[in-house]
Amino acid sequence: DKIITKEDIIMDKYSAIGVLDSGVGGLTVLKELEKSLPSENKIYFGDSLRMPYGNKSEEEIIFLANEMISFLEKRNVKVILLACNTISSYIDKISSNVPLFSIVKSGSKAIYESHTKNTVGLIATKATVNSKSYERELYKLKKDIKIISKDSTKLPKVIDKQIENTPLLNDLIKECIDPILKEDKNIKELVLGCSHFPIIEKEIKAIYKDLTLLDPAKKMVEDTMDYLKKEHLLNDSTDKRTSLYTTEDILEFVAYIKRLSLNIDKLEKVKLLKDD
């Protein structure tokens with residue numbers, strides 16, 4: 001395949017917003033885009049074939065992220081939202097010809113703007129927790145917010161493949177959150193540090209009624225809107241289109257499209273270079 005350069009990308013206000021994720025989780029970001037930027041064209045890429053990304057090596061995460069970015073660039077997107085926290089943790093090592101937005105950076109801003117105490121909880125993938133990316137971003141904003149984090153490699157996969165298995169889902173939610181509250185029972189805010197977790201926001205709230213859940217997607221879309229306004233790239237057309245591409249069977253996405261009440265014009269299975 002031809003390597004894409006900046007000169008190859010024809011970008012204007014009618015170009016689409018690109019969103020990428022390791023699977024269905026980033027659809028929560030797509031939902032926020034629908035709410036806040038309804039007139040924009042959107043292209044979503046979910047690499048469900050290889051999810052979860054949270055237990056992959058840094059080298060493989062970067063390689064696969066670059067593959068997805070290249071796929072979106074070939075479709076002339078004007079920005080790319082890294083809905084995957086794991087990928088966002090390596091944003092400085094990823095190649096792109098268009099502006100990238102990190103959900104970790106947006107999530108850290110959300111913590112900074114809404115925290116009521118100096119300690120917050122974070123549930124995320126193993127790669128995100130180990131990378132300390134949230135701690136690094138928060139340090140830039142405010143040094144005295146402590147994060148107590150717990151990783152889960154199983155929960156994103158269960159959300160993707162077995163969301164109707166309520167007993168298993170509830171067990172994994174408790175396995176993730178209980179140790180955080182055991183360490184500090186005064187925690188009031190919990191960051192959903194994996195794009196899959198807002199999908200089960202209701203299930204989490206049913207168990208932990210006193211926790212305020214922070215979804216970084218809201219801040220991410222706000223940051224994107226600010227950028228597009230500043231660069232005069234907001235789409236003012238009423239002719240919009242949302243396309244969704246996945247490396248796995250498209251039927252898996254249908255249930256989540258319905259669950260989130262998304263409006264999708266095109267749903268297609270595609271291959272990346274590293275497809276098995």
Side-chain angles (χ1 to χ4, degrees), residues 17-36 42-56 61 64-65 68-69 72 79-91 94 100-111 121-129 131 133-134 137 149-161 163 169 172-173 176 190-204 213-224 242 244-248 252-253 255-257 259-260 262 264:
I17 294 173
V19 182
L20 64 81
D21 188 67
S22 62
V24 300
L27 293 178
T28 55
V29 173
L30 198 62
K31 182 66 180 174
E32 287 300 323
L33 282 171
E34 268 194 8
K35 283 187 209 165
S36 302
K42 304 162 193 80
I43 301 175
Y44 181 92
F45 194 104
D47 187 19
S48 291
L49 185 65
R50 277 165 291 262
M51 76 84 56
Y53 272 38
N55 51 10
K56 294 189 187 305
I61 291 163
L64 292 171
M68 286 190 276
I69 287 167
L72 291 170
V79 292
I80 295 174
L81 279 57
L82 304 178
C84 176
N85 284 261
T86 301
I87 292 172
S88 291
S89 299
Y90 299 103
I91 191 170
I94 291 166
L100 296 177
F101 286 81
S102 155
I103 200 158
V104 170
K105 190 169 186 176
S106 299
S108 300
K109 282 187 194 173
I111 296 169
L122 167 72
I123 52 172
T125 66
K126 190 175 181 181
T128 300
V129 169
S131 72
S133 52
Y134 271 92
E137 287 298 331
S149 57
K150 180 77 169 70
D151 66 73
S152 175
T153 53
K154 297 175 193 168
L155 195 48
K157 192 80 174 174
V158 169
I159 293 167
D160 244 35
K161 308 284 185 186
I163 197 163
L169 194 63
L172 290 175
I173 288 169
C176 224
L190 180 75
V191 185
L192 305 177
C194 170
S195 59
H196 286 68
F197 296 164
I199 292 174
I200 56 164
E201 198 166 337
K202 283 180 186 172
E203 287 85 349
I204 296 172
L213 305 180
L214 301 181
D215 177 5
K218 293 178 175 67
K219 189 66 186 169
M220 185 185 217
V221 171
E222 204 179 290
D223 290 345
T224 305
T242 300
L244 195 156
Y245 298 92
T246 174
T247 49
E248 190 62 284
E252 174 184 307
F253 273 79
Y256 293 93
I257 290 166
R259 187 179 175 104
L260 294 167
L262 290 163
I264 306 295

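Only a predicted model underlies this, so the values are computations on that prediction, with no experimental measurement involved. Side chains are part of it too, since the values below use all heavy atoms of this structure and drop only hydrogens, waters and symmetry mates.
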Query raised in the report: Would Leu260 and Glu34 satisfy side-chain contact (heavy atoms from CB on, under 4.5 Å), going step by step from the backbone distance to the final call?
Result: CA-CA 11 Å; Leu260 294 167; Glu34 268 194 8; over 6 Å; no

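- Listed by chain and number, the residues in a side-chain hydrogen bond (donor to acceptor under 3.5 Å, both in side chains) with Glu137 are Lys140 (sequence neighbours excluded).
- Looking at Ser88, its side chain does come within 3.5 Å of a backbone N or O of Leu82 through a donor-acceptor pair.
- Evaluation of the ring pair (Phe, Tyr, Trp, His ring centres under 6.0 Å) rule for Phe45 yields Phe71 as partners, not counting sequence neighbours.
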Report task. Take Thr242 and Leu33, measure what side-chain contact (heavy atoms from CB on, under 4.5 Å) needs, and give me the verdict at the end. Result -> CA-CA 11 Å; Thr242 300; Leu33 282 171; over 6 Å; no

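- Residue pairs satisfying the side-chain hydrogen bond (donor to acceptor under 3.5 Å, both in side chains) criterion with at least one member in residues 102-111, sequence neighbours excluded, are listed as follows: Ser106-Asp223, Lys109-Asp223.
- Glu222 meets the side chain to side chain contact (heavy atoms under 4.5 Å, CB included) test with Lys219; sequence neighbours excluded.
- Rounded to the nearest 0.5 angstrom, Ile80 CD1 and Thr224 OG1 are separated by 11.5 Å.
- Of all the heavy atoms in Leu49 and Thr247, the pair that sits closest is N-OG1, 3.1 Å.
- Of the possible donor and acceptor atoms, none in the side chain of Ser22 sits under 3.5 Å from a partner among the backbone N and O of Pro52.
- Annotation: Lys154, atom NZ; neighbour count of heavy atoms from other residues, nucleotides and ligands within 6.0 Å does not exceed 12.
- Partners of Pro216 by side chain to side chain contact (heavy atoms under 4.5 Å, CB included), not counting sequence neighbours, listed by chain and number: Ile103, Tyr134, Val191.
- Looking at every heavy atom in both residues, Met220 comes nearest to Val29 through SD-CG1, 4.1 Å.
- Between Leu30 and Leu262, the shortest heavy-atom contact is C-CD2, 4.2 Å.
- Here Ser149 pairs with nothing under the side-chain hydrogen bond (donor to acceptor under 3.5 Å, both in side chains) rule; sequence neighbours left out.
- The salt bridge (Lys or Arg N to Asp or Glu O under 4.0 Å) search around Glu252 returns Lys161, not counting sequence neighbours.
- Nearest heavy-atom pair, Ala83 versus Val19, reported as atom, atom and distance to 0.1 Å: CB-CG1, 3.9 Å.
- In this structure, Tyr90 has no side-chain hydrogen bond (donor to acceptor under 3.5 Å, both in side chains) partners at least two apart in sequence or on a different chain.
- Expressed to the nearest 0.5 Å, how far CG of Asp47 lies from OG1 of Thr246 amounts to 7.5 Å.
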Query raised in the report: Which is it for Glu248 and Met51 under the side-chain contact (heavy atoms from CB on, under 4.5 Å) test, yes or no, and what are the steps along the way?
Result: CA-CA 10 Å; Glu248 190 62 284; Met51 76 84 56; over 6 Å; no

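- Residues satisfying the side chain to side chain contact (heavy atoms under 4.5 Å, CB included) criterion with Lys35, sequence neighbours excluded, are Lys31, Glu32.
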Requested in this report: Determine, stepwise, if the pair Ile257 / Leu244 fulfils side-chain contact (heavy atoms from CB on, under 4.5 Å).
Outcome: CA-CA 10 Å; Ile257 290 166; Leu244 195 156; 4.1 Å; yes

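- Between Leu192 and Leu214 there is no side-chain heavy-atom pair separated by less than 4.5 Å.
- Atoms CG and OH, on Leu72 and Tyr245 in that order, are 9.5 Å from each other to the nearest 0.5 Å.
- In this structure, the side chain to side chain contact (heavy atoms under 4.5 Å, CB included) partners of Ala65, at least two apart in sequence or on a different chain, are Ile87, Ile94.
- Taking the side chain as every heavy atom from C-beta outward, Leu81 and Ile17 approach each other to under 4.5 Å.
- Across all non-hydrogen atoms, the minimal contact from Gly25 to Ile199 is CA-CD1, 4.0 Å.
- Exactly one of Leu20, Val79, Ile69 qualifies for a side-chain contact (heavy atoms from CB on, under 4.5 Å) with Leu100. That residue is Ile69.
- The structure places CD1 of Ile264 at 7.0 Å from CG of Leu27, a figure rounded to the nearest 0.5 Å.
- Every side-chain hydrogen bond (donor to acceptor under 3.5 Å, both in side chains) that Ser89 has, sequence neighbours left out, goes to Ser131, Ser133.
- Across Ala124 and Phe197, no two heavy atoms sit closer than the pair N-CE1, 3.8 Å.
- Atom NZ of residue Lys56 and atom CG of residue Leu64 lie 6.5 Å apart, to the nearest 0.5 angstrom.
- For NZ of Lys150, the number of neighbouring non-hydrogen atoms (other residues, nucleotides, ligands) closer than 6.0 Å is greater than 12.
- Here the side chains of Ile200 and Leu155 are in contact, with some heavy-atom distance below 4.5 Å.
- To the nearest 0.5 Å, the span separating NE2 on His196 from CD1 on Ile123 amounts to 13.0 Å.
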